[in-house]
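Everything below concerns the one structure shown next.
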Amino acid sequence: MKCVKCKGDAVINIRRANAAFCKEHFNEYFTEQTLKAIKHFRMFRKTDKIMVCVSGGKDSLVLWHVLHKLGCDVTGMYIDLGINGYSDRSKDKVNSFAERFGLKTIIVDLREKGHPIPFVARKAKREDCAVCGTIKRYYFNKTAYDGGFDVVATGHNLDDEASRLLANIMHWDDEYMNNTYPVLPAGGKMLKKKVKPLVRLTERETAAFAILNGIDYVMEECPMSKGATSLVFKDALSTIEENMPGSEIFFYTKFLERVKDIDRSKTDSDEMKICQTCGMESFMDKCTFCRLVEKVK
Amino acid sequence: MVKVEFTDGKVEEMSPAPVKDILRKLNLKESTTLVTRDGELLTHDIYVYDGQSIKIINVVSGG
Ligand code: SF4
Ligand SMILES: [Zn+2]
Ligand SMILES: [Zn+2]
């Protein structure tokens, strides 16, 4: 197969774009698609201070890399979930990546804070992933606020977003559907804007970018993700995409066009209170996070 | 034979063939995998010869 740009040997073919690229032109395509999303959805300006949530997986490391190469002021924020083995290995990947490219990082260690995920889940008698969601969201918001960041970026890709949309449509979950958008505005006085610059790229493309550019990511999955229902929707979508290339991005972008005018600034700052325990904004006198970790003290 | 290694460490032996056919025999989709030989990405038309080894990377993550 030949590169559609230079006729050199291709390293990857992208069926939905009817294209194949050599390494150089794939990198160019990848960066263009990222920039296209950033501009189209007005994600941030050149001068904004960006916090990227990194897990050590391919998508977040690739996003960090691309934003850094674009000359953005970007800091990687990693949460050590306290999951034995997996957390240690993923943290190593984040640290060695940051060191290699001389990047700024913030590490929040849940073991140090006294609430590693498996421990909190056991004590609170709740699912690991539910607990993880609450704790991660809290620290993303808090770290972004404390650090004076303008925007929080995550590595969600086209497959993540389209499969989540499919799941939400299957459940007719209007609230989630309304929040399926690559940009969520800042809310209240403390919540920062959230953006997903990789929504025009598939997991296969982010993995290829990582491999081609020597980005060493953690290939193993979080052990708690076994049997995640999101995989069922991803599998269904990839079967459709395999037979009808281009269906997935069509499905996703047409949805975005339909919902583009919805007002997503849900937290009217007047109705927000301040958590009496931690000082972060909350709908109640004590925030969800503080109520959760209190149970395990 | 061609040595096929998977992300989880499993190894299989297969007959020489283009990447596309190898994936099809393994029941894997093009859109969820990447294939490398000596660390280099291969497009699906590339023929893998007897004695060579390839790695199949599953790109789907559960998060
Ligand atoms: S799979 Fe792991 S990282 Fe993801 S939400 Fe569950 S516990 Fe957290
Ligand atoms: Zn080229
Ligand atoms: Zn609180």
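In what follows, chains carry the letters A, B, and so on, assigned in the order in which the sequence lines appear, proteins first and then strands, with residues in each chain numbered from 1.
Contacts between residues 30-42 of chain B and chain A, defined by a heavy-atom separation under 4.5 Å, are made by B:Glu30, B:Ser31, B:Thr32, B:Thr33, B:Leu34, B:Thr36, B:Gly39, B:Leu41, B:Leu42. Within residues 12-21 of chain B, no residue approaches chain A closer than 4.5 Å by heavy atoms.
Within a 6.0 Å radius of NZ in A:Lys5, other residues, nucleotides and ligands contribute more than 12 heavy atoms. Other residues, nucleotides and ligands contribute only 12 or fewer heavy atoms inside 6.0 Å of the OH atom of A:Tyr176. When the shell of 6.0 Å around CD of A:Glu127 is examined, it contains 12 or fewer heavy atoms from other residues, nucleotides or ligands. Annotation: A:Met170, atom CE; neighbour count of heavy atoms from other residues, nucleotides and ligands within 6.0 Å does not exceed 12. More than 12 heavy atoms of other shown residues, nucleotides or ligands fall within 6.0 angstrom of atom OH in B:Tyr47.
Of the two parts of A:Lys226, neither the backbone nor the side chain holds a non-hydrogen atom closer than 4.5 Å to a non-hydrogen atom of chain B. At a 4.5 Å heavy-atom cutoff, the contact between A:Arg15 and chain B is made by side-chain atoms alone. No part of B:Ile46 comes within reach of chain A, as not one of its non-hydrogen atoms sits under 4.5 angstrom from that chain. With a 4.5 angstrom heavy-atom cutoff, A:Ile211 touches chain B only via side-chain atoms. For A:Phe21, no part lies near chain B; criterion is any non-hydrogen pair under 4.5 Å.
The distance from the NZ atom of A:Lys2 to the CG atom of B:Asp45 is 9.0 Å, given to the nearest 0.5 Å. Taking OG1 of B:Thr7 as the reference point, atom CE of A:Met219 lies at 6.0 Å (rounded to 0.5 Å). For the atom pair A:Glu221 CD and B:Ser61 OG, the distance stands at 5.0 Å (nearest 0.5 Å).
Among A:Val11, A:Asp235, A:Asn157, the residue making the largest number of heavy-atom pairs under 4.5 Å with chain B is A:Val11. Contact count against chain B (heavy-atom pairs under 4.5 Å) is highest for A:Thr239 among A:Thr239, A:Thr202, A:Ile14.
No donor-acceptor pair under 3.5 Å is formed between the side chain of A:Asn13 and the backbone N or O of B:Thr43. Within the 3.5 Å criterion, the main-chain N or O of A:Glu241 finds no donor-acceptor partner in the side chain of B:Lys29.
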